[in-house]
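Basis for what follows: all heavy atoms, side chains included, without hydrogens, waters or symmetry-related copies. Count residues from 1 along the sequence.
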Amino acid sequence: MLARITAVFLAILSPLSSAFAQQSRPREQFENADVLYDWVSNTRGDKLRTFVTRPRKLSGKVPVIFFVGWLSCDSIEYPQGETDGFGALILRLIDQSGYATVRVDKPGIGESQGTPCNKADFQGELEGYQAAFDSMSKYDFLDLDRVFVMGLSNGGGFAPLVSRQRRVRGFVAAGSWGRTWYEHMLELERRRLTDAGKSAAGVNDAIKVFSQFYDLYLIQGQTPGEVIRQHANWKDYWYDSPDGQYGRPAAFYQQLQALNLGETWQKVDAPVLVLRGSKDTIMSRADSAAIAEIVNRVHPGKARYLELEGMSHGFMVEKKFYAELMPTILEWTKRQLAAGN
């Protein structure tokens, strides 16, 4: 009898404890928007936290910005405010745009449960974004005929895979990529080595190694550690983990490499705005411009490439958020809505 009473007590206490933990957790605060917290799941069984914001002063259905986030294992929730340029853009759009927004945290990040982010592959992450996109149909204030998908950094490259073939009003790809991950990494390595002061001869020697290294790693499916074990003379060139890179597992990047972004973007017939800062040292002009070039080759004039002078990959200019970024985006989205695209 005591065991049964204890079990009933715990069953009652568990949701109460969960609710209390959620209430006591630091949350974002907005003057003009309310946040709804919910969950979605991917096929791996990861339970993922979603954040849906609703403008307070607007009634009826409102247009939506769906965010597709970056590569690193950082939450897309910003309870401490504008701690970086990505957060500044997201928080200002939520509070000042009059649009509803939808976000989802990666597996193992923030309140999202399941696979730790540093072990989670790209496919599981993509499924989370897709589940969050599908969940928009449950909110009666979201106008599903006026949805914009905004991809930030890595997320801008594969953003159309999130909405799939569903009609959207437009895509915004900020600081992103539209080539193969192999091409992106070789150019990034050249820039990294050059910025580190390595001689031109030394850079060329290193790129010859990296061209083979990334083929074995990204295309042939080996981990960096396996590559180094087979080519011990390359050991000094590798600067990251034997199991992955930038805090994500090798499988994550191998799955990025397997994407065909040329095919992905040539299927897009919605308007596209591609934004890149001239001081972006992560995604090159060639990385970002490729998106607009692919779209315009099939649908001339559908994509616009805009390079923002002095802006970094993190949307900063001289350590301050690039204030013109949000008006630039909103002017473009409003034009698309007015045009009825």
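- In terms of the side chain to side chain contact (heavy atoms under 4.5 Å, CB included) criterion, residue partners of Thr223 (sequence neighbours excluded) are, by chain and number, Glu226, Ala250.
- For the pair Tyr253 (side chain) and Gln245 (backbone), a donor-acceptor distance under 3.5 Å is present.
- Taking 4.0 Å as the cut-off between side-chain N and carboxylate O, Lys279 and Glu307 do not count as a salt-bridged pair.
- A pairwise comparison of heavy atoms in Phe141 and Ala100 identifies CE1-CB, 4.2 Å as the closest pair.
- Between Phe86 and Phe315, a ring centre-to-centre spacing shorter than 6.0 Å is recorded.
- A donor-acceptor pair shorter than 3.5 Å cannot be found between the side chains of Tyr305 and Asn296.
- A single hydrophobic cluster is seen to contain both Tyr37 and Phe67, as judged by linkage of ILVMFWY side chains at heavy-atom distances under 4.5 Å, directly or through other members.
- Cation-pi geometry between Arg192 and Tyr239 is satisfied (NZ or CZ under 6.0 Å from the ring centre, within 45° of the ring normal).
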Please list, one pair per line, the donor and acceptor atoms closer than 3.5 Å that link side chains of residues 127-135 to other protein atoms, with sequence neighbours excluded.
from   : atom 1 : to     : atom 2 : distance (Å)
Glu127 : OE1    : Thr43  : N      : 3.1
Glu127 : OE1    : Thr43  : OG1    : 2.5
Glu127 : OE2    : Thr43  : OG1    : 3.2
Tyr129 : OH     : Gly69  : N      : 3.0
Gln130 : NE2    : Leu161 : O      : 2.9
Asp134 : OD1    : Arg164 : NH2    : 2.6
Asp134 : OD1    : Arg166 : NH1    : 2.8
Asp134 : OD1    : Arg166 : NH2    : 3.1
Asp134 : OD2    : Arg164 : NH2    : 3.3
Ser135 : OG     : Ala132 : O      : 2.6

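- Donor-acceptor pairing under 3.5 Å is recorded for the side chains of Thr333 and Tyr99.
- Test Ile76, Leu48, Thr50 against Ser112 for side-chain contact (heavy atoms from CB on, under 4.5 Å) and you get one pass: Leu48.
- Under 4.0 Å is where a charged nitrogen must lie from a carboxylate oxygen, and between Arg297 and Glu293 no such pair does.
- Asp38 pairs in a salt bridge (Lys or Arg N to Asp or Glu O under 4.0 Å) with only one of the listed residues (Lys138, Arg49, Lys47), which is Lys138.
- A cation-pi arrangement is present between Arg248 and Phe252, with the terminal nitrogen or guanidinium carbon under 6.0 Å from the aromatic centre and inside a 45° cone about the axis.
- Checking Thr83 against Gln80 by side-chain atom types alone, no donor-acceptor pair falls below 3.5 Å.
- Side-chain polar atoms of Gln230 and Gln222 form a donor-acceptor pair below 3.5 angstrom.
- Between Trp177 and Trp181, the ring planes lie perpendicular to each other; the angle is over 60°, past the 30° to 60° tilted range.
- Going from atom CG of Asp121 over to atom OG1 of Thr115 covers 8.0 Å, rounded to the nearest 0.5 Å.
- Judged by distance alone, with hydrogens and angles left aside, the side-chain atoms of Asn32 form a donor-acceptor pair with the main-chain N or O of Asp95 at under 3.5 Å.
- Annotation for Asn118 and Cys73: closest pair N-SG, 4.0 Å, computed over non-hydrogen atoms.
- No salt bridge links Glu31 with Arg56; every basic N to acidic carboxylate O contact stays at or beyond 4.0 Å.
- Judged as a side-chain hydrogen bond (donor to acceptor under 3.5 Å, both in side chains), and not counting sequence neighbours, Arg54 has no contacts.
- Ring-centre distance between Phe122 and Phe158: below the 6.0 Å cut-off.
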Going through the checks in order, is the side-chain contact (heavy atoms from CB on, under 4.5 Å) test met by Val102 and Leu142?
CA-CA 10 Å; Val102 180; Leu142 299 182; 4.2 Å; yes

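- Taking each heavy atom of Val295 and Val268 in turn, the nearest pair found is CG1-O, 4.3 Å.
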